[in-house]
Number of protein chains: 2
Amino acid sequence: MSPNKENYLKTIFELQHDHQKISNKNIADILNVSAPSVTEMLTALTKEGLVFHTPYNEISLTDAGLVRARELVRKHRIWEVFLADRLHYAMADVHQAADILEHATDDKLADRLNEFLGRPKRCPHGGIIPGNSDIEDDSDITLATLVPDDSATLQRVIDNHEFLTYFEDLQLRLGDRLTVMKKEPFGGPFIVQTGDRVTVSISEAAAGFMFMTDVHYHHPETDGAEKGANG
Amino acid sequence: MSPNKENYLKTIFELQHDHQKISNKNIADILNVSAPSVTEMLTALTKEGLVFHTPYNEISLTDAGLVRARELVRKHRIWEVFLADRLHYAMADVHQAADILEHATDDKLADRLNEFLGRPKRCPHGGIIPGNSDIEDDSDITLATLVPDDSATLQRVIDNHEFLTYFEDLQLRLGDRLTVMKKEPFGGPFIVQTGDRVTVSISEAAAGFMFMTDVHYHHPETDGAEKGANG
DNA sequence: GATGTTTTTTCGGGTCACCTAATACACGCG
DNA sequence: CGCGTGTATTAGGTGACCCGAAAAAACATC
């Protein structure tokens with residue numbers, strides 16, 4: 001399997017995982033290739049039984065394609081741990097390097113590296129490492145969906161260079177317990193407070209890239225003081 | 001620069017380094033490609049100013065090509081140290097993995113990895129790591145050139161899977177002080193003794209792959225039993 | 001120095017992954 | 001419902017890297 005084809009599989013996998021529309025255009029944009037290139041490759045991958053593609057309609061991974069994509073994500077995230085923990089890469093920089101290394105990694109190397117790192121359960125962005133964790137999937141509740149007085153734990157952020165550069169300035173850590181203090185109107189920022197009472201302002205766009213777990217929703221009927229929440 | 005072209009440069013570099021004939025055929029054999037492919041690539045590399053090639057005649061690296069090749073060898077050997085020291089790869093197996101990783105390694109990654117490993121001076125086969133060592137070049141005196149009563153230190157071995165598999169069985173270590181006890185006739189094996197008096201039999205072919213330093217030549221005319229030296 | 005062998009190059013052709021331009025289709029909107 | 005806008009596919013073509021067959025040059029050997 002060529003690095004090229006692997007990237008198509010991984011892209012489809014990640015679009016699926018992030019609940020985004022799996023379209024020719026999305027794939028083309030992410031991989032920086034033209035739409036015809038995508039069509040052509042999808043045809044090839046369909047012929048190999050890795051992708052299911054009906055013209056003008058569905059694009060999805062077959063079971064075999066899913067297995068391959070998961071292996072790639074595993075290798076990618078193991079490398080990310082190495083780069084961040086051992087080589088002290090900035091969180092925003094690990095993705096790019098791992099994207100190249102993952103294709104130069106056979107199963108033996110991935111396993112040895114995994115052992116060397118102590119079988120980490122999550123990558124530096126909080127995503128699970130397939131094979132190392134008993135849980136199957138990441139949370140898909142973003143900070144952007146919370147309202148004032150809700151609290152939740154920051155588990156994972158999107159692996160995107162521009163966002164991560166901004167995120168590093170926020171001085172938040174994965175695992176921080178966050179409470180939403182206020183939400184400014186008209187797409188204004190979220191004001192959140194961390195466990196140690198630090199107040200941080202987060203843009204709505206950024207909040208949509210931050211995935212939360214252990215969400216504790218505020219229930220207005222049990223408490224008259226403040227408003228609004230849901231399940 | 002594509003991984004492919006890099007491999008041509010590295011191959012020419014290594015042939016030169018090992019004092020072997022730099023011919024179309026040798027390159028083709030090492031890279032497992034056909035002779036026409038080599039000619040074609042040499043033409044392309046010549047156009048890029050990395051290689052000097054005159055038809056039916058000379059093949060050599062330009063200064064620019066030499067710089068590129070040395071960088072590649074540096075990355076290759078840094079990875080070899082990581083694989084052997086940290087991931088416990090067998091000596092015979094590091095080469096193949098490093099051959100792929102080196103092309104997925106930019107300068108930043110190479111530098112960080114180098115720091116992480118403590119700026120090692122030599123790779124697991126004893127070759128110097130360009131940039132980390134003040135000495136420029138490896139010894140090019142092989143065990144095969146020695147005669148009985150000569151002694152020398154095993155510094156480096158050829159990075160070849162088949163040889164290394166054999167070499168690992170010999171139980172020798174880089175840095176061992178070896179004394180040639182006997183050389184069987186008709187290309188027969190060398191009988192050598194290590195510092196701790198272990199006797200080992202080494203085929204002539206294998207001896208040609210073992211590079212020695214601090215050679216202490218036996219001089220029969222100055223002393224009947226055993227003596228002599230050389231720089 | 002003619003002759004056979006090996007090495008190198010030229011030639012034509014193949015594959016992979018990409019492109020642009022043009023065509024086909026889907027989908028929302030008046 | 002038809003029509004424009006955007007999206008997807010087909011058609012045709014490019015560059016990188018590879019091949020086998022055949023011609024050309026170099027080399028060995030007598």
Side-chain angles (χ1 to χ4, degrees), chain A residues 1-16 18-62 65 68-69 72 99-100 102-104, chain B residues 1-16 18-61 64-65 68-69 72 99-100 102-104:
Chain A
M1 160 96 35
S2 75
N4 248 313
K5 289 186 175 173
E6 291 180 335
N7 278 332
Y8 280 87
L9 290 183
K10 200 180 62 162
T11 301
I12 297 169
F13 180 83
E14 285 172 350
L15 284 174
Q16 196 170 45
D18 294 350
H19 304 280
Q20 294 176 59
K21 197 177 73 176
I22 305 175
S23 67
N24 185 310
K25 188 177 191 316
N26 273 345
I27 298 169
D29 287 348
I30 290 168
L31 293 178
N32 273 307
V33 296
S34 68
S37 299
V38 174
T39 302
E40 188 182 57
M41 188 60 86
L42 290 178
T43 305
L45 290 170
T46 295
K47 210 175 299 173
E48 290 179 51
L50 298 168
V51 159
F52 183 71
H53 176 222
T54 57
Y56 296 104
N57 190 14
E58 188 189 353
I59 301 169
S60 60
L61 293 175
T62 64
R68 298 289 195 103
L72 254 195
D99 246 354
I100 300 170
E102 67 190 19
H103 302 294
Chain B
M1 160 97 36
S2 75
N4 247 312
K5 288 186 175 174
E6 291 180 334
N7 278 332
Y8 280 87
L9 290 184
K10 199 180 62 162
T11 301
I12 296 169
F13 179 83
E14 284 172 351
L15 285 174
Q16 196 170 43
D18 294 350
H19 304 279
Q20 293 176 58
K21 198 178 72 175
I22 306 175
S23 67
N24 184 312
K25 188 176 192 318
N26 272 345
I27 297 170
D29 287 348
I30 290 168
L31 294 179
N32 272 307
V33 296
S34 68
S37 299
V38 175
T39 301
E40 188 182 56
M41 188 60 86
L42 291 177
T43 305
L45 289 169
T46 294
K47 211 176 300 174
E48 291 180 49
L50 298 167
V51 159
F52 183 70
H53 176 221
T54 57
Y56 294 104
N57 190 13
E58 188 188 354
I59 301 169
S60 59
L61 294 175
R68 298 288 195 106
L72 255 195
D99 246 355
I100 300 169
E102 67 190 17
H103 301 294

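All chains are named by letter (A, B, ...) in the order of the sequence lines, taking the proteins before the strands, and each is independently numbered beginning at 1.
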For chain A, the stretch of DNA chain C it reaches, first to last nucleotide, under 4.0 Å of its heavy atoms: dA17(C) to dA26(C)
Stepwise side-chain contact (heavy atoms from CB on, under 4.5 Å) check, Leu61(B) with Gln16(B): CA-CA 9 Å; Leu61(B) 294 175; Gln16(B) 196 170 43; 4.2 Å; yes
Pair Ile27(A)-Met41(A), side-chain contact (heavy atoms from CB on, under 4.5 Å): steps then yes or no: CA-CA 11 Å; Ile27(A) 298 169; Met41(A) 188 60 86; over 6 Å; no
Check whether any side-chain N or O of [X] sits under 4.0 Å from OP1 or OP2 of [N], and answer yes or no.
{"X": "Asn57(A)", "N": "dA8(D)", "value": "no"}
{"X": "Ser37(B)", "N": "dC18(D)", "value": "no"}
{"X": "Thr39(A)", "N": "dT10(D)", "value": "no"}

Grab the [atom1]-[atom2] distance between [X] and [N] for me, whole Å please.
{"X": "Asn24(B)", "N": "dA24(D)", "atom1": "CG", "atom2": "C1'", "value": "14 Å"}
{"X": "Leu42(B)", "N": "dC17(D)", "atom1": "CG", "atom2": "C1'", "value": "13 Å"}
{"X": "Asn26(A)", "N": "dG6(D)", "atom1": "CG", "atom2": "C1'", "value": "13 Å"}
{"X": "Glu6(B)", "N": "dC17(D)", "atom1": "CD", "atom2": "P", "value": "11 Å"}
{"X": "Leu45(B)", "N": "dC17(D)", "atom1": "CG", "atom2": "P", "value": "9 Å"}
{"X": "Asn7(B)", "N": "dC18(D)", "atom1": "CG", "atom2": "C1'", "value": "14 Å"}
{"X": "Glu40(A)", "N": "dG13(D)", "atom1": "CD", "atom2": "C1'", "value": "12 Å"}
{"X": "Asn4(B)", "N": "dG15(D)", "atom1": "CG", "atom2": "P", "value": "18 Å"}

Nucleotide nearest Met41(B) (side chain, heavy atoms from C-beta), chosen from dA26(D), dC18(D), dA8(D): dC18(D)
Step-by-step side-chain contact (heavy atoms from CB on, under 4.5 Å) determination, Glu102(B) to Glu6(B): CA-CA 10 Å; Glu102(B) 67 190 17; Glu6(B) 291 180 334; 5.8 Å; no
Touch class at under 4.0 angstrom, heavy-atom based, for Lys21(B) against every strand present: nothing
Sugar-phosphate only, base, or nothing, as touched by Pro55(A) at under 4.0 Å among non-hydrogen atoms: sugar-phosphate
Position toward the 5' end of DNA chain C (nearest nucleotide), Ala35(A) or Thr43(B): Thr43(B)
Whether Thr62(A) side chain and Gly49(A) backbone form a donor-acceptor pair below 3.5 Å: yes
Residue pair Asn4(A) / His103(A), side-chain donor-acceptor N/O under 3.5 Å: no
Side-chain donor-acceptor contact under 3.5 Å, Ser37(B) with Ser34(B): yes
Steps toward side-chain contact (heavy atoms from CB on, under 4.5 Å) verdict (Leu15(B), Ile30(B)): CA-CA 10 Å; Leu15(B) 285 174; Ile30(B) 290 168; 3.7 Å; yes
